[in-house]
Amino acid sequence: MKVIKSFNQFEAKKYSDKDMEKDVKRIDDMAKKAGKDKSQLLRLAQTMANRITNYEKAYYRGSAAEDQNYHDVAKIFYARAEELNK
């Protein structure tokens with residue numbers, strides 16, 4: 001039987017400012033890559049969302065998109081979060 005030294009390893013990861021900065025940067029980079037082509041932006045967002053395997057990550061990425069007024073992109077990430085939450 002394995003003895004657990006600390007229960008800290010079981011605490012949920014907190015979403016930090018650094019995590020938010022990373023999500024904002026990802027959305028910015030995606031928008032820059034797409035330029036003014038909205039359909040390209042949505043395709044990039046869908047590809048990124050499909051690769052996410054964690055509910056929280058998808059949800060917070062959607063929040064970052066929402067904060068930057070990319071509402072259609074946010075919907076994609078929120079949908080992925082819901083998909084992962086089932």
Side-chain angles (χ1 to χ4, degrees):
M1 185 166 115
K2 185 176 179 180
V3 177
I4 299 173
K5 295 179 183 178
S6 170
F7 286 104
N8 290 339
Q9 64 188 357
F10 294 108
E11 287 184 28
K13 181 183 177 222
K14 304 267 192 270
Y15 190 69
S16 68
D17 289 340
K18 187 174 181 178
D19 293 327
M20 183 56 145
E21 287 175 18
K22 181 180 175 184
D23 286 339
V24 168
K25 180 162 176 34
R26 294 275 190 259
I27 300 299
D28 282 342
D29 290 345
M30 198 172 26
K32 285 178 190 173
K33 186 173 185 178
K36 294 188 181 211
D37 187 356
K38 186 174 181 176
S39 63
Q40 174 68 11
L41 177 61
L42 296 177
R43 282 193 301 273
L44 290 170
Q46 189 64 59
T47 299
M48 185 183 288
N50 289 344
R51 292 181 179 167
I52 294 174
T53 59
N54 179 290
Y55 166 81
E56 289 83 11
K57 187 177 219 177
Y59 178 81
Y60 288 124
R61 193 71 50 91
S63 294
E66 192 77 31
D67 288 346
Q68 295 174 284
N69 293 320
Y70 292 110
H71 303 290
D72 292 339
V73 172
K75 287 179 187 178
I76 291 171
F77 287 107
Y78 287 144
R80 179 62 177 161
E82 287 301 316
E83 193 177 297
L84 292 169
N85 199 28
K86 292 180 182 178

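For reference, positions follow the sequence shown, starting with 1.
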Taking the six-membered ring where the residue is Trp, are the ring centres of F77 and Y59 under 6.0 Å apart?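 Aromatic pair excluded; centres sit 6.0 Å or further apart.
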
Nearest 0.5 Å, what's the CD-CG distance between E21 and D23?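 Nearest 0.5 Å value for the CD-CG distance: 10.5 Å.
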
Pairwise distance CD(Q40) to CZ(R43) - rounded to 0.5 angstrom: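 Going from the CD atom of Q40 to the CZ atom of R43 covers 4.5 Å.
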
SB check D29 K25 (cutoff 4.0 Å):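 Looking at K25 together with D29, the answer is yes, because their closest N to O distance falls below 4.0 Å.
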
At their closest point, which heavy atom of [X] faces which heavy atom of [Y], and how far apart are they?
X   : Y   : answer
A74 : G62 : CB-O, 3.4 Å
A49 : I76 : CB-CG2, 3.8 Å
I27 : V73 : CD1-CG1, 4.3 Å

Given side chains that start at C-beta, do those of [X] and [Y] come closer than 4.5 Å, heavy atoms only?
X   : Y   : answer
D67 : V24 : no
D19 : Y60 : no
E66 : Y78 : yes

Does N85, at its CG atom, have more than 12 non-hydrogen atoms belonging to other residues, nucleotides or ligands within less than 6.0 Å?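 Atom CG in N85 is packed in, count exceeds 12.
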
Filter on side chain to side chain donor-acceptor pair (under 3.5 Å), then keep only pairs touching residues 45-57, sequence neighbours left out; what's left?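 Sorted result for residues 45-57: Q46-N50.
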
Checking side chain to side chain contact (heavy atoms under 4.5 Å, CB included) for the pair R80/R61: CA distance, chi angles, key distance, verdict? CA-CA 10 Å; R80 179 62 177 161; R61 193 71 50 91; over 6 Å; no

